Amino acid sequence: MGSFKTVRGMRDFLPEEAKIMKYIEDKARKTAELYGYKEIITPVVESYELLAAKAGEEVRARMYAFKDLGGRKVALRPEFTASVARLVATTLRNEPKPLRLFCVGSLYRYDEPQKGRFREFWQSNFELMGSDKPEADAEILLLTNRFMKSVGLKNYAFKIGHVGVLRNILSHEGVEEETQNRVMQLMDKKLYEEALKIVGDSGASEKCIETLQKLVNLKGENTAKVLEEMADIVRGYAAATDAVKNLGEIINFVEEPDEKLSITIDAGFARGLEYYTGIIFEVYVPELEIALAGGGRYNKLVELFGGEPTPAVGVAHGIDRIMLALQEQKTSLKAGGEKTVMVIPVNESLNSEALRISEMLRAEGIPVETEVMGRKVSKALEDADRRGINHVIIVGEKELKDEAVVLRNMRKKQQSTVKIEKLAEKISQDSL
Ligand code: HAM
């Protein structure tokens, strides 16, 4: 057989990268704990119909969809939100609200591979089900902020908009949902001219086009000023006016805490996923042009899947892109000074003793690698040094007679004879 490569768009994560991915995942899990989100695990394969329902044209066209051997039309999940909404519409239907659910795992989209865009990628995903209050939207923004901070990201900023403003204007003008979806897709890609042309062709008024044009041009970091201008622009559209008010309330909540979020309001901001009904947002860092996270409010999805009317808001953080951003920012991770230990028997007759000591230390929670290559002590020591092992335990006959071994601190290049029963204590206390 020839030599194999990974399939295009798929990657291997070698230990260093896998460690960073797991580090970010751990921080996401910690964030979930801090905010009371319970972890659930949903399947990678779901019914195509479920995943496609509101994914939007862009994501729908890139789904890994196929018939399984039973003839079912299925797909690899391109996101978590549809799966979580399915659960809340069915199995969790009678759970008291609010429901706070967290998941983490791999997603699949047949995107064109490029920097930060992969066909298999990872998200940590938070959904808050059952509240339509602005404090729920604020919670999703705040937990995203805390998570980004906890992984060590710097200079990240939120781009925030509100699809309720845009869709309510279009609905007021009688523009059908299908057409609205096309308009949102184009606006998501910043193809504003084409988007406005479709609005015009659908019979919307001059005033509507003008209003949308003004919104598209309106963005800024002075949130109070932008909100005021937005309200001014949409005057006469009652539901859109309410949406601007809602955006203001949410922003108010997140601007109050001591750690103020860095926010740009972008009044013409749209996202490709079709289920959004309210606030939408993304997170960016100056080093990358692509979003590190995205989310928003979607009040109709659970009902669409046959559940009770359930207002909801959520976010997904792109773990791969956060890793990329940390690398771009040259952030060194505080991955914790693990005290790795290597146990080396001086000859083969001491192998079982070396294994016994290794197991004893592992039982105390100390990570241990046992020498399994049958190398001489000097060779094994060289290898331990090369791989940054902190402590080496050399198991020799002479010391064993006294129930002891030699413990070597590799950084300090110091060694002493230590009783086996005192080993775990000594290693834990020893500074590196
Ligand atoms: P999304 O914006 O499609 O939203 O994806 C969220 C994040 O996943 C993106 O900001 C990005 O970091 C990461 N991501 C997406 N596609 C790729 C890719 N091809 N390669 C690498 N990373 C990628 C959602 O998925 C919604 N379900 C978020 C949400 C949850 N809305 C409400 N609740």
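On a predicted model such as this, the values are computed, not experimentally measured, just so you know. In this chain, residues are counted from 1 in sequence order. For ligands, and for the atoms within them, numbers begin at 1 and follow the listed sequence.
With salt bridges taken as basic N to acidic carboxylate O contacts below 4.0 Å, one links E112 and R119. Between R100 and E139 there is a salt bridge, since at least one side-chain N of the basic residue sits less than 4.0 Å from a carboxylate O of the acidic one. K197 has a carboxylate O that lies under 4.0 Å from a charged side-chain N of D201, or vice versa, which qualifies the two as a salt bridge. Salt bridge R375/E382: absent, no basic N to carboxylate O contact under 4.0 Å. Ionic pairing of K73 and E49 is not present here: no N-O contact between side-chain nitrogen and carboxylate oxygen is shorter than 4.0 angstrom. Between R60 and E274 a salt bridge is recorded (basic side-chain N to carboxylate O distance below 4.0 Å).
Heavy atoms from both the backbone and the side chain of A291 come within less than 4.0 Å of ligand 1. Only the side chain of Q123 comes within 4.0 Å of ligand 1, judged by heavy-atom distances. Here E127 has side-chain heavy atoms under 4.0 Å from ligand 1, and that is the only part of it that gets that close. Residue contacts with ligand 1 for Y298 involve side-chain atoms from C-beta outward but no N, CA, C or O (heavy atoms, distance under 4.0 Å). Under 4.0 angstrom from ligand 1, there are no non-hydrogen atoms of V59. Neither the backbone nor the side chain of D320 comes within 4.0 Å of ligand 1, counting heavy atoms alone. Residue contacts with ligand 1 for Y275 involve side-chain atoms from C-beta outward but no N, CA, C or O (heavy atoms, distance under 4.0 Å). Residue-level proximity to ligand 1 for N125 is carried by the side chain, the only part with a heavy atom below 4.0 angstrom.
Taking any N or O of F118, backbone or side chain, at least one lies under 3.5 Å from an N or O belonging to ligand 1. The shortest N/O to N/O separation between F126 and ligand 1 does not fall below 3.5 Å.
Scanning the protein heavy atoms around atom 13 (C) of ligand 1, the nearest turns out to be G318 CA, 3.8 Å. Shortest contact from atom 27 (N) of ligand 1 to any protein heavy atom: E79 OE1, 2.5 Å. Nearest to atom 21 (C) of ligand 1 among the protein's heavy atoms is G116 O, 3.3 Å. Distance from atom 28 (C) of ligand 1 to its nearest protein heavy atom, with residue and atom name: G294 O, 3.3 Å. Nearest protein heavy-atom neighbour of atom 24 (C) of ligand 1: L273 CD1, 3.5 Å. The closest protein non-hydrogen atom to atom 14 (N) of ligand 1 is F121 CE1, 3.5 Å.
Using cut-offs of 30° and 60° on the angle between ring planes, the pair F158 and F281 is tilted.
For R62 and Y110, the positive end is not near the middle of the six-membered ring at less than 6.0 Å and at most 45° from its axis. Cation-pi check for K207 over Y237 is met; the charged atom lies under 6.0 angstrom from the ring centroid and within 45 degrees of its normal.
Taking each of R297, R271, R321 in turn, the one with a heavy atom nearest to atom 4 (O) of ligand 1 proves to be R271.
Of all atoms in ligand 1, listed by their number and element, those nearer than 4.0 Å to a heavy atom of R117 are 19 (N), 20 (N). The Y276 neighbourhood of ligand 1 comprises atoms 26 (C), 28 (C), 29 (C), 31 (N), 32 (C), with distances under 4.0 Å to a heavy atom of that residue. Annotation for ligand 1: atoms under 4.0 Å from non-hydrogen atoms of D111 are 18 (C), 19 (N). Interface of A293 with ligand 1, defined as ligand atoms under 4.0 Å from a residue heavy atom, comprises 10 (O), 12 (O). Atoms of ligand 1 lying under 4.0 Å from any heavy atom of L292, numbered from 1 in the order shown and given with element: 10 (O), 12 (O).
Atom-to-atom distance recorded for L324:CG and R117:CZ is 12.0 Å, nearest 0.5 angstrom.
In this structure a side-chain-to-backbone donor-acceptor pair under 3.5 Å is present from T90 to R86.
A salt bridge (Lys or Arg N to Asp or Glu O under 4.0 Å) check over residues 9-18, counting only residues at least two apart or in different chains, returns the pairs R11-D320.
A 4.5 Å side-chain heavy-atom check between L292 and L153 finds at least one atom pair inside the cut-off.
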